[in-house]
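Notes follow once the structure below has been shown.
The first residue of the sequence shown is numbered 1, and numbering continues consecutively from there. Atoms within a ligand are numbered from 1 in the order they appear, just like the ligands themselves.
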Amino acid sequence: MKNVLAINAGSSSLKFQLIQMPEEKVSAIGVIERIGLDNSIFKMEVNGNKEKSISDIPNHGVAVQLLLKALTDSGVIKSFQEIDAVGHRVVHGGEYFSDSVLITDEVIQTIENVSELAPLHNPANLTGIRAFQEILPDVPMVAVFDTAFHQSMPKSSYLYSLPKNYYTEYGIRKYGFHGTSHKFVSERAAELIGTPIEDLRLITCHIGNGASVTAVEGGKSIDTSMGFTPLAGVTMGTRSGDIDPALIPYIMDKTGKTADEVVHVLNKESGMLALSGFSSDLRDIEERAASDERAELALTVFAERIHQFIGSYAAKMSGVDAIIFTAGVGENSDVVREKILTGLEFMGVYWDPKLNNVRGKEQFINYPHSPVKVIVIPTNEEVMIARDTVRLS
Ligand SMILES: Nc1ncnc2c1ncn2[C@@H]1O[C@H](COP(=O)(O)OP(=O)(O)O)[C@@H](O)[C@H]1O
Ligand SMILES: CC(=O)OP(=O)(O)O
Ligand SMILES: [Mg+2]
């Protein structure tokens, strides 16, 4: 048996799960938020017991120390020595990684080199890796990339229609993200359907705060809605998704903002937050939709973009065997799923409103006679991280 710690480090947060492998049993789960601010929050759940504490956690190094101390204090492990390996989510691996990898100095250098491509995510991931290296120098660590699963995309999907040297000199291309989740739910869908994944055409919809849709043919990602960065594709919580690129200089001109400031607006002040005018959180928006026109319109835009991607990927694969919904919204919102699926009957999608009334658990929501299956599958990026960590450490 091995104890694997799966880490998802953000700029101001650190999510963790301690997982017993190969049983895939979660022995502790938690999150540290507001790192670097005052009143940082530490939350952990062990065997159904929840604990929460507030203190100032100035950096990720201190957060890691606190996390390890909490794990030993709670008795899940007796000492740090019982942690056999640590797996880290790394958002951007560029074209260097088509699989997870054991972390070496060279790997860290490469992740650092591609940080420019994901300035919101990679530096935070690296901070997490370094903090663990310092405290657990002899424990093997593995990096699991959001981009890896999408490295199978053909050139025709990942090349932008731009001068060739932009790709060859600057690495400008579509990379795609949430790959760990798209891979997890496609493998699980094949198991549930009972058909080898090699024989399936799947469309996986990861709809959380960040959202992306992927075409998975024969178990491989062949196209995905996010792009060079996680800003592209469908409308998200605070991200615009696809817009006309000519808007950027136009907005700069009209508002006096710099390019960086406009990109910040597109990442943090757009999407559902901008459309609804009050929240990026889907629960808030659903609650008000009946009485608030802007909230209802936000829901419609959100669902319509995903609906269109499904049509486009079905065209690309000359058909689809199953559509999969996952992540916070995909797993929980029958309202959004209904809006996305309505009107897809022309391509053989027949879904049952009764079965669609489901939250947070695996369920087929199509009628038995539907040629296209529709499945809700809770994602589990952490267990994927733990599996790869065991395989590579
Ligand atoms: N029961 C629910 N009904 C509707 N939406 C939900 C529900 N639970 C969570 N969500 C939505 O899921 C989103 C967060 O998804 P999540 O996958 O946790 O995002 P991320 O990992 O990107 O932070 C939020 O918009 C939240 O409102
Ligand atoms: C890559 C990405 O968009 O991740 P998240 O949804 O966690 O923000
Ligand atoms: Mg997520």
Per-atom contacts, ligand 2 versus Met226 - under 4.0 Å to a heavy atom:
3 (O)
Nearest heavy atom to atom 21 (O) of ligand 1 wins, so pick from Lys15, Glu381, Met236, Met272.
Lys15
If you measure from atom 10 (N) of ligand 1 to every heavy atom of Pro378, Gly328, Ser333, which option wins on shortest distance?
Gly328
Does an N or O from Arg359, backbone or side chain, lie closer than 3.5 Å to an N or O of ligand 1?
no
Do you know which two heavy atoms are closest between Leu71 and Ala28, and how far apart they sit?
CD2-CB, 3.7 Å
Just jot down the ligand 2 atoms closer than 4.0 angstrom to any heavy atom of Gly210, in number order.
6 (O)
Shortest non-hydrogen contact between Ile285 and Phe278, atoms and distance:
CA-CZ, 4.0 Å
Would you say Gly208 has any N or O atom under 3.5 Å from an N or O of ligand 1, going by distance alone?
no
What atoms of ligand 2 come closer than 4.0 angstrom to any heavy atom of His178?
2 (C), 3 (O), 4 (O), 5 (P), 6 (O)
One finds that the ligand 1 atoms under 4.0 Å from a non-hydrogen atom of Gly210 are 22 (O)
Passes ring pair (Phe, Tyr, Trp, His ring centres under 6.0 Å), Phe132 versus His88? Steps please.
CA-CA 10 Å; Phe132 274 96; His88 294 268; 5.6 Å; yes
Heavy-atom closest pair (Gln133 atom, Met141 atom, distance to 0.1 Å) is CG-CE, 3.3 Å
NE2 on His264 to CD on Glu269, rounded to 0.5 Å
5.0 Å
Does any N/O atom on Asn209 come nearer than 3.5 Å to any N/O atom on ligand 1?
yes
Under 4.0 Å between heavy atoms, the region of Asn209 that gets near ligand 2 turns out to be neither
Looking only at side-chain N and O atoms, does Thr214 offer a donor or acceptor that is under 3.5 Å from a partner on His206?
no
Does Glu381 have a heavy atom less than 4.0 Å from any atom of ligand 2?
no
Nearest non-hydrogen contact with atom 3 (O) of ligand 2 belongs to which option: His121, Arg239, Met236?
Arg239
If you measure from each heavy atom of His206 to ligand 2, is any distance below 4.0 Å?
no
Do the side chain of Asn356 and the main chain of Asp334 share a donor and acceptor less than 3.5 angstrom apart?
yes
Determine, stepwise, if the pair Phe177 / His92 fulfils ring pair (Phe, Tyr, Trp, His ring centres under 6.0 Å).
CA-CA 8 Å; Phe177 301 88; His92 216 311; 5.2 Å; yes
Work out whether the distance between some heavy atom of Gly237 and some atom of ligand 1 is less than 4.0 Å.
no
Ligand-residue contact atoms, ligand 2 with Asp146, heavy atoms, under 4.0 Å
1 (C)
At a 4.0 Å threshold, what atoms of ligand 2 neighbour a non-hydrogen atom of Pro230?
1 (C), 3 (O)
What atoms in ligand 2 come closer than 4.0 Å to a heavy atom of Arg89?
1 (C), 2 (C), 4 (O), 7 (O)
Is a side-chain N or O of Ser370 found less than 3.5 angstrom from the main chain of Lys373, in a donor-acceptor match?
no
Quick check: does any side chain N or O of Tyr313 sit under 3.5 Å from a backbone N or O of Ser225, one acting as donor and the other as acceptor?
yes
Distance under 4.0 Å to a non-hydrogen atom of Phe177: what atoms of ligand 2 satisfy this?
1 (C)
Heavy-atom donor-acceptor pair, Ser270 side chain to Val265 backbone, under 3.5 Å:
yes
